[in-house]
Amino acid sequence: RVTFDSDLFDPTLEHCLGPDIVAQARKRKKDPGFQNLLDRCFREADEDGSAVAARIVRDPEIKQQYDTAVRHGLAAVEDPAPEIRRFFEWSESIPAALDRDTVEFGGEVFRRSLGTLGLMLYGIPLGMTLQSTVQGVSVPLWTTSPSKGPAIPLHLAATRPDLVRRNAVRYMETLKWFGKVAGKGAGQLHSEAYAENCRIRVIHGHVRPAVAANPNGWNYSSGKGWDENVLGTPLNHADGSIVVLTLVAAIAAMRRHFGLDLSQREMDALTQWACYVHHQQGVPGEFMFSTFDDAMTHFAAFFMSIDPHVYHMECLSFIRSVQHMHLERAMFGRSVVLQNALDGLLRASVDSMMDERIRETYDIPPAAGWSRLLYRLVRIGLVAANTAGRHLPSIQRRLRANAVRTWTHVFPRAEQSVREYYGVVADGTRLANETH
């Protein structure tokens with residue numbers, strides 16, 4: 001899955017994070033300690049989350065212990081099952097590198113920094129297109145999206161309406177999750193954010209055996225399926241270490257290119273929030289970073305080590321699926337003009353951060369001329385607004401309020417409407433039934 005001699009992703013990471021972090025990442029990916037850490041953690045996953053998911057399926061009464069521990073703490077559970085005890089001993093802890101108050105502040109920084117335009121210009125291109133190049137992200141989504149009827153070529157599956165819609169719902173649910181785990185109480189126990197982190201950890205505990213139980217028969221051709229010798233354990237620790245950091249990288253890119261006014265303290269807090277979310281998904285302490293620079297050096301070293309030739313067709317197909325999702329239609333269903341504009345901005349943003357080599361490798365079509373022009377105009381406008389916000393508190397308050405509204409109103413409503421139409425995807429009961 002990795003090659004420590006590749007430089008394919010270096011320009012993208014330099015665009016988003018700057019040359020200094022990329023220079024440090026080049027050194028880190030050559031470090032035998034980093035290479036050995038990735039190799040080990042590709043083969044390790046959150047066993048405690050999987051154990052709780054499996055125990056809940058076998059013994060529904062355990063769900064009551066789980067619910068009590070989420071709301072009131074492990075100490076409130078009388079004679080907890082071993083699986084419940086191990087799960088919550090981890091969830092109620094915090095790594096030494098992190099601080100709960102800083103995590104709480106980091107959630108606030110996230111909510112008021114990454115608004116709808118920021119998501120379209122950096123959040124979604126990084127969170128969807130770039131992460132689609134990670135085999136451990138793309139292949140689980142294919143293996144848990146079986147096609148009905150005769151097997152179809154994987155490159156055609158990317159445009160199948162049923163699969164595109166299914167992936168769209170998954171991403172909308174993920175965006176809603178980001179909003180919840182960054183909400184008030186992001187760093188505190190027994191809050192809504194804490195409960196959401198625990199819920200997703202259990203869902204991942206259902207997804208992992210669902211992938212493992214269906215290694216080859218996922219009804220696409222070629223039917224390579226999941227090869228653990230190549231991909232490691234499904235939803236492993238190494239892949240989990242970069243998921244939420246992708247949004248930190250998106251905000252860092254906005255800070256570099258759009259003049260977003262964030263201090264180093266705020267970037268460090270944002271980083272600690274992301275790492276705490278990873279911790280709540282069972283990711284180990286080796287991937288806990290207290291500072292922005294250290295976390296982004298790891299993030300860049302990870303992506304700069306991806307071997308684009310491993311499971312290439314699966315990753316390429318998933319990027320094609322992403323291009324056909326058109327989340328802007330779900331988010332802004334009343335305005336075709338706005339839909340087209342946001343789709344164009346997204347494609348132009350991918351153009352701006354991914355050079356010709358990456359676009360050729362993953363068959364990403366170039367953005368239309370009008371969308372590149374629109375992107376430049378929007379960028380000028382955002383730089384002007386953020387610059388004005390540095391000097392005029394009223395403008396700063398409005399910019400931050402609009403960003404917060406993205407997470408409190410826009411995505412919850414969009415996710416609900418899409419889910420009602422297409423059906424729930426991230427559902428632990430359904431996944432458990434498919435697995436057993």
Side-chain angles (χ1 to χ4, degrees), residues 1-9 11-12 38 42 124-171 174 207-208 210-236 238-239 242-243 246 302-326 346-347 350-351 353-366 425:
R1 289 188 51 182
V2 294
T3 173
F4 299 109
D5 296 321
S6 173
D7 64 354
L8 180 66
F9 292 97
T12 293
L38 282 191
F42 278 137
I124 290 178
L126 282 172
M128 291 170 62
T129 305
L130 184 62
Q131 282 212 8
S132 296
T133 67
V134 181
Q135 300 92 338
V137 173
S138 293
V139 182
L141 287 164
W142 283 128
T143 57
T144 56
S145 296
S147 170
K148 296 180 180 179
I152 59 175
L154 187 59
H155 71 279
L156 295 179
T159 62
R160 280 276 297 263
D162 56 332
L163 296 173
V164 170
R165 291 168 182 169
R166 185 176 178 85
N167 289 334
V169 173
R170 278 177 159 149
Y171 270 104
T174 300
V207 172
R208 196 172 293 109
V211 173
N214 193 28
N216 299 307
W218 43 300
N219 212 29
Y220 303 117
S221 60
S222 58
K224 187 186 301 180
W226 186 276
D227 186 343
E228 192 160 320
N229 291 324
V230 176
L231 297 173
T233 301
L235 277 65
N236 59 66
D239 290 327
I242 52 90
V243 174
T246 304
F302 181 100
F303 273 97
M304 290 160 59
S305 302
I306 290 172
D307 187 339
H309 305 296
V310 174
Y311 276 74
H312 177 74
M313 178 55 71
E314 286 78 2
C315 293
L316 187 152
S317 298
F318 198 74
I319 289 173
R320 288 174 178 165
S321 175
V322 166
Q323 292 167 350
H324 285 83
M325 283 184 194
H326 293 293
L346 190 149
R347 294 177 185 275
V350 170
D351 252 16
M353 73 174 66
M354 296 186 180
D355 67 8
E356 186 176 354
R357 278 201 306 158
I358 293 182
R359 296 199 301 272
E360 287 182 353
T361 300
Y362 292 102
D363 195 25
I364 300 172
V425 171

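Here, residue 1 is the first one in the sequence, and each next residue gets the next number. None of the values given here were measured: they were computed from a predicted structure.
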- Flag if over 12 foreign heavy atoms under 6.0 Å of CD, Glu228: yes
- Message: So, using ring pair (Phe, Tyr, Trp, His ring centres under 6.0 Å) as the criterion, who are the partners of Phe9 when residues are at least two apart?
- Response: none
- Query: What are the two closest heavy atoms between Leu316 and Tyr362, and how far apart are they?
  - Reply: CG-O, 3.9 Å
- Item | ring pair (Phe, Tyr, Trp, His ring centres under 6.0 Å) partners of His324, counting only residues at least two apart | none
- Query: Would you call Ser138 and Tyr311 a side-chain contact if the rule is heavy atoms closer than 4.5 Å?
  - Reply: no
- Return the minimal non-hydrogen interatomic distance between Val322 and Thr129, and the atom names on each side. CG1-OG1, 4.3 Å
- Query: Which heavy atom of Asp363 sits nearest a heavy atom of Arg320, and at what distance?
  - Reply: OD2-NH2, 2.9 Å
- Task: Heavy atoms only: give me the nearest Asp355-Pro11 pair and the separation to one decimal.
- Result: OD2-CG, 3.3 Å
- Determine the sole option in Asp239, Asp227, Asp307 for which the salt bridge (charged side-chain N to carboxylate O under 4.0 Å, His left out) test with Arg1 is passed. Asp239
- Query: Between Val310 and Gln135, what is the shortest heavy-atom contact and its length?
  - Reply: O-NE2, 3.1 Å
- Can you name the residues that form a side chain to side chain contact (heavy atoms under 4.5 Å, CB included) with Thr174, not counting sequence neighbours? Trp177, Phe178
- Could you give the distance from NE2 (His309) to OG (Ser6), rounded to the nearest 0.5 Å? 7.5 Å
